[in-house]
Peer 1: 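Pasting a structure here, questions to come.
In this chain, numbering begins with 1 at the start of the sequence shown. Heavy atoms only: backbone and side chains are in, while hydrogens, waters and symmetry mates are out. The structure displayed is predicted, hence computed values, not measured ones.
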Amino acid sequence: MFHRKKIEEGVRLILEGIGEDVERPGIKDTPARIARMFEEIFRGLLPPDEDLLKSIEGETHDEMVLIKDIPFYSVCEHHLLPFFGNAHIAYIPDGRIVGLSELPKALDYLSKRPQVQERLTSQLANLLMEKLKPKGCMVVIEAEHLCMSMRGIKKPDAKTVTSAVRGIFRRSQTTRQEALELINRRDK
């Protein structure tokens with residue numbers, strides 16, 4: 001449950017702390033706008049609206065499924081600045097499959113909370129293994145962190161890449177290599 005009034009009070013204090021006039025017309029409604037935005041971008045702190053990674057009844061498959069270049073947005077828990085990029089999710093079903101939109105939905109849910117990229121990558125791989133019980137999975141996330149781009153070291157366009165490999169993707173270099181080649185393949 002979000003406490004909108006607490007968020008608004010906190011934003012007012014921050015604005016006052018940086019020397020802004022909280023009654024200025026352009027700023028006056030900012031605390032309420034930020035509170036509404038936080039409810040949206042931190043939705044992953046609440047229980048999901050629906051069961052994540054629900055398998056399709058009666059459908060089976062036992063070869064690699066890969067969805068790549070899935071855009072996502074999250075917020076770094078250290079500076080409360082966005083990080084964003086693309087995720088690539090592969091799994092080898094042990095029978096059960098999910099609808100293709102289920103993988104991006106799981107990514108969106110887990111990314112909508114104060115987060116670090118490393119944890120997000122592992123949480124997504126762990127969720128896949130727990131819910132689908134596949135032979136294995138691989139999650140690769142590439143992201144730009146505004147806490148590195150616009151402040152601190154100030155290196156825009158630098159990408160952080162994290163991966164989590166489970167099951168056959170960890171045990172078999174051939175399987176892992178196949179997934180990486182598919183991820184890196186760019187159609188002409």
Peer 1: Rounded to the nearest 0.5 Å, what's the gap from CZ on Phe84 to OG on Ser111? Could you check?
Peer 2: 13.5 Å
Peer 1: Grab the two heavy atoms, one from Gly44 and one from Arg113, that are nearest each other, plus how far apart they are.
Peer 2: O-NH2, 2.7 Å
Peer 1: Nearest 0.5 Å, what's the CG-CD distance between Leu52 and Glu130?
Peer 2: 10.0 Å
Peer 1: Hey, mind stepping through Asp29 and Arg24 against salt bridge (charged side-chain N to carboxylate O under 4.0 Å, His left out) and telling me if it holds?
Peer 2: CA-CA 9 Å; Asp29 294 330; Arg24 185 168 64 80; over 6 Å; no
Peer 1: Taking the basic N atoms (NZ, or NE/NH1/NH2) and the acidic carboxylate oxygens, is any pair closer than 4.0 Å for Asp51 and Lys131?
Peer 2: yes
Peer 1: Which atoms form the tightest heavy-atom contact between Leu46 and Met1, and what is the distance?
Peer 2: CD2-N, 3.2 Å
Peer 1: For residues Lys68 and Leu182, report the shortest heavy-atom separation together with the two atoms involved.
Peer 2: NZ-O, 2.9 Å
Peer 1: How are the rings of Phe72 and Phe83 set to each other: parallel, tilted or perpendicular (split at 30° and 60°)?
Peer 2: perpendicular
Peer 1: Measure the CG-OG1 distance between Leu180 and Thr175 for me, rounded to the nearest 0.5 Å.
Peer 2: 11.0 Å
Peer 1: Apply the test salt bridge (charged side-chain N to carboxylate O under 4.0 Å, His left out) to residues Arg43 and Asp49: give CA-CA distance (whole Å), side-chain angles for both, the deciding distance (0.1 Å), then the verdict.
Peer 2: CA-CA 10 Å; Arg43 180 80 177 108; Asp49 291 333; 2.4 Å; yes
Peer 1: For Glu39 and Arg4, what are the C-alpha separation, side-chain angles and deciding distance, and is it a salt bridge (charged side-chain N to carboxylate O under 4.0 Å, His left out)?
Peer 2: CA-CA 8 Å; Glu39 289 177 353; Arg4 189 178 283 190; 2.7 Å; yes
Peer 1: Find the distance between SG (Cys137) and CG (Leu66) and round it off to the nearest 0.5 Å.
Peer 2: 12.0 Å
Peer 1: Does Lys105 come within less than 4.0 Å of Glu50, counting only side-chain N to carboxylate O?
Peer 2: yes
Peer 1: Between CG of Asp94 and NZ of Lys133, what distance do you get to the nearest 0.5 Å?
Peer 2: 11.0 Å
Peer 1: Strictly below 4.0 Å, N to O, side chains only: are Glu16 and Arg12 in salt-bridge contact?
Peer 2: no
Peer 1: Side-chain donor-acceptor pair under 3.5 Å between Thr160 and Glu142, yes or no?
Peer 2: no
Peer 1: So which heavy atom on Pro134 is nearest to which on Leu128, and how close?
Peer 2: CD-O, 3.5 Å
Peer 1: What's the spacing between Leu45 CG and Gln115 CD if we round to 0.5 Å?
Peer 2: 9.5 Å
Peer 1: Judged by modelled atom types alone, do Arg33 and Thr30 share a side-chain donor-acceptor pair under 3.5 Å?
Peer 2: yes
Peer 1: Would you name the heavy atoms of Phe169 and Tyr91 that are closest together and state the gap between them?
Peer 2: CE1-CA, 4.1 Å
Peer 1: When you look at NZ of Lys5, are more than 12 heavy atoms from neighbouring residues, nucleotides or ligands closer to it than 6.0 Å?
Peer 2: no
Peer 1: Could you walk me through whether Thr121 and Thr162 pass side chain to side chain donor-acceptor pair (under 3.5 Å), step by step?
Peer 2: CA-CA 7 Å; Thr121 308; Thr162 52; 2.6 Å; yes
Peer 1: Any chance CE of Met150 has more than 12 other-residue heavy atoms, nucleotides or ligands included, within less than 6.0 Å?
Peer 2: no
Peer 1: Looking at Ala158, is its backbone amide N or carbonyl O close enough to the side chain of Glu144 to form a donor-acceptor pair, meaning the two atoms are under 3.5 Å apart?
Peer 2: no
Peer 1: With the threshold set at 4.0 Å, does a side-chain nitrogen-carboxylate oxygen contact exist between Glu77 and Arg119?
Peer 2: yes
Peer 1: Which atoms form the tightest heavy-atom contact between Glu40 and Lys112, and what is the distance?
Peer 2: O-CD, 3.8 Å
Peer 1: Find out if a path of hydrophobic residues (ILVMFWY) with successive side-chain heavy-atom gaps under 4.5 Å connects Met37 to Ile14.
Peer 2: no
Peer 1: Should the heavy atoms of other residues, nucleotides or ligands under 6.0 Å from CZ of Phe2 be counted, would the total exceed 12?
Peer 2: yes
Peer 1: Among residues at least two apart in sequence or on other chains, which ones pass ring-ring contact (aromatic ring centres under 6.0 Å, His included) with Tyr109?
Peer 2: none
Peer 1: Return yes if some donor-acceptor pair links the side-chain N/O of Glu59 with the main-chain N/O of Ile97 below 3.5 Å, else return no.
Peer 2: no
